[in-house]
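Take a look at the structure set out below.
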Amino acid sequence: MLRNERLKQIMALLERRKLMSINDIHKTLFVSTSTLRRDLTILEQMGLVIHRYGQIEYVTSNTQEQSYLFREQNNEQEKKQIAEIASTFLADNMAIFMDSSTTVSFLAPYLRNLRNMVVITNGLRLAVALDEMPAVKTFVTGGQLRAGTGALLGTGAEAYLNQFQTDLAFISCSGVTAETVFMASTSQSGVKQQMLALSKQAVLLADHTKVGVDGYYRLIPFAQLTAVITDREPAPEILTAWNQTPAEVLFPE
């Protein structure tokens, strides 16, 4: 079994049980003890689990920002579907904010054939992808680099954004309910709120694992969004609530 598959299986177990012993995980996955310990070390370095006295504790995403590497590989096909729909909001001669989320980063290929585009981002990995597109004028915020996330955050990043006003902001989140969009940290919230305040329209990209999930840090009331794009139809009670707001709700049919 490939390492990425093992890591996903471990995380799936811990999402259900929240706290498991190393022996219980070992019995379930049928891998060697040495392999399991190396995998758990990787997950701990990524901030996804905590290892204490032979017990492995799941770190919930609504209180802890996960590493970029894990987020990029998680629900990859769903994020590509979302990006394809989101690309319909793009046109030549636009200025856009794009946050540091992996979901938003999947939009990068759709910028390649557009003309006179201006992109402002706090995402280092997105900036690297855009470096290969000379037709896109890319601006990268300053700020503090949060290790493992590829995100530039803090007052430096927020102050840099004040130089711009854009047509559109593409953002993601850690969770979205019928009424509210949430983030996993105040530092991420600050940068995204600044992007939203300085943009004429706001499009939220959120795969199905984030729909119906709340958190501790409120980002924006749902009704203030221009649109939300997800990869499958939300639960009826959430969809009904969303459809009563001005926001457009989009998902694959």
Side-chain angles (χ1 to χ4, degrees), residues 15 18 47-48 58-68 71 74-75 79 82 86 89 96-105 120-123 141 143-144 146 148-162 164-166 168-231 234-251:
E15 284 176 5
K18 308 306 181 188
L48 301 175
Y58 176 69
V59 177
T60 57
S61 60
N62 63 346
T63 58
Q64 177 73 34
E65 186 179 2
Q66 298 174 339
S67 77
Y68 189 97
R71 290 184 287 119
N74 199 29
N75 300 318
K79 291 174 182 178
I82 291 170
F89 285 82
I96 59 175
F97 287 127
M98 299 178 73
D99 72 14
S100 60
S101 66
T102 59
T103 309
V104 170
S105 73
I120 305 99
T121 184
N122 70 319
T141 71
Q144 181 182 359
R146 174 168 288 182
T149 70
L152 293 162
L153 305 172
T155 56
E158 294 169 28
Y160 185 86
L161 294 173
N162 282 326
F164 304 93
Q165 176 175 293
T166 67
L168 187 60
F170 289 106
I171 63 168
S172 190
C173 62
S174 62
V176 53
T177 64
E179 300 86 14
T180 308
V181 182
F182 293 92
M183 277 307 302
S185 71
T186 54
S187 54
Q188 282 279 17
S189 295
V191 171
K192 292 174 194 269
Q193 284 172 341
Q194 196 76 344
M195 288 181 174
L196 294 168
L198 297 169
S199 187
K200 297 174 185 176
Q201 297 185 80
V203 177
L204 177 71
L205 312 185
D207 69 66
H208 68 275
T209 64
K210 299 176 180 179
V211 176
V213 175
D214 61 11
Y216 296 101
Y217 305 107
R218 293 176 179 267
L219 178 61
I220 187 176
F222 183 89
Q224 292 182 17
L225 295 171
T226 304
V228 58
I229 304 173
T230 187
D231 59 286
E237 64 274 13
I238 292 179
L239 183 59
T240 298
W242 286 357
N243 283 334
Q244 292 173 355
T245 73
E248 186 176 6
V249 182
L250 300 169
F251 49 84

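Sequential numbering from 1 along the given sequence is applied to the chain's residues.
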- prompt: Step by step, would you call Q188 with S100 a side-chain contact (heavy atoms from CB on, under 4.5 Å)?
  reply: CA-CA 9 Å; Q188 282 279 17; S100 60; 3.6 Å; yes

Shortest non-hydrogen separation from [X] to [Y] and the atoms involved:
X	Y	result
T102	S105	O-OG, 2.5 Å
A247	F222	CB-CE2, 3.7 Å
V211	P234	CG1-CB, 4.1 Å
L219	S172	CD2-O, 4.4 Å

message: By the definition side-chain contact (heavy atoms from CB on, under 4.5 Å), identify the one residue from L168, V228, I171 that meets it with V203.
response: L168

How long is the straight-line distance from [atom2] of [Y] back to [atom1] of [X], given to the nearest 0.5 Å?
X	Y	atom1	atom2	value
M183	Y217	CE	OH	10.5 Å
L205	F170	CG	CZ	6.5 Å
K210	T177	NZ	OG1	14.5 Å
M98	T121	CE	OG1	7.0 Å
L161	F97	CG	CZ	5.0 Å
L225	L196	CG	CG	7.5 Å

Give a yes or no answer on whether the side chain of [X] reaches the backbone of [Y] with a donor-acceptor pair at less than 3.5 Å.
X	Y	value
D231	H208	yes
T230	F251	no
N122	L152	yes

- prompt: Is there a side-chain contact (heavy atoms from CB on, under 4.5 Å) between M195 and T141 once you walk through the steps?
  reply: CA-CA 11 Å; M195 288 181 174; T141 71; 5.6 Å; no

- request: Quick one: do W242 and V176 satisfy side-chain contact (heavy atoms from CB on, under 4.5 Å)? Show the steps, please.
  value: CA-CA 11 Å; W242 286 357; V176 53; 3.8 Å; yes

- request: Go through the steps to decide whether I229 and F89 satisfy the test side-chain contact (heavy atoms from CB on, under 4.5 Å), and finish with yes or no.
  value: CA-CA 11 Å; I229 304 173; F89 285 82; 3.9 Å; yes

query: Does any pair with a residue in residues 190-200 pass side-chain hydrogen bond (donor to acceptor under 3.5 Å, both in side chains), and if so which ones, sequence neighbours excluded?
result: D99-K192, N162-Q194, T166-S199

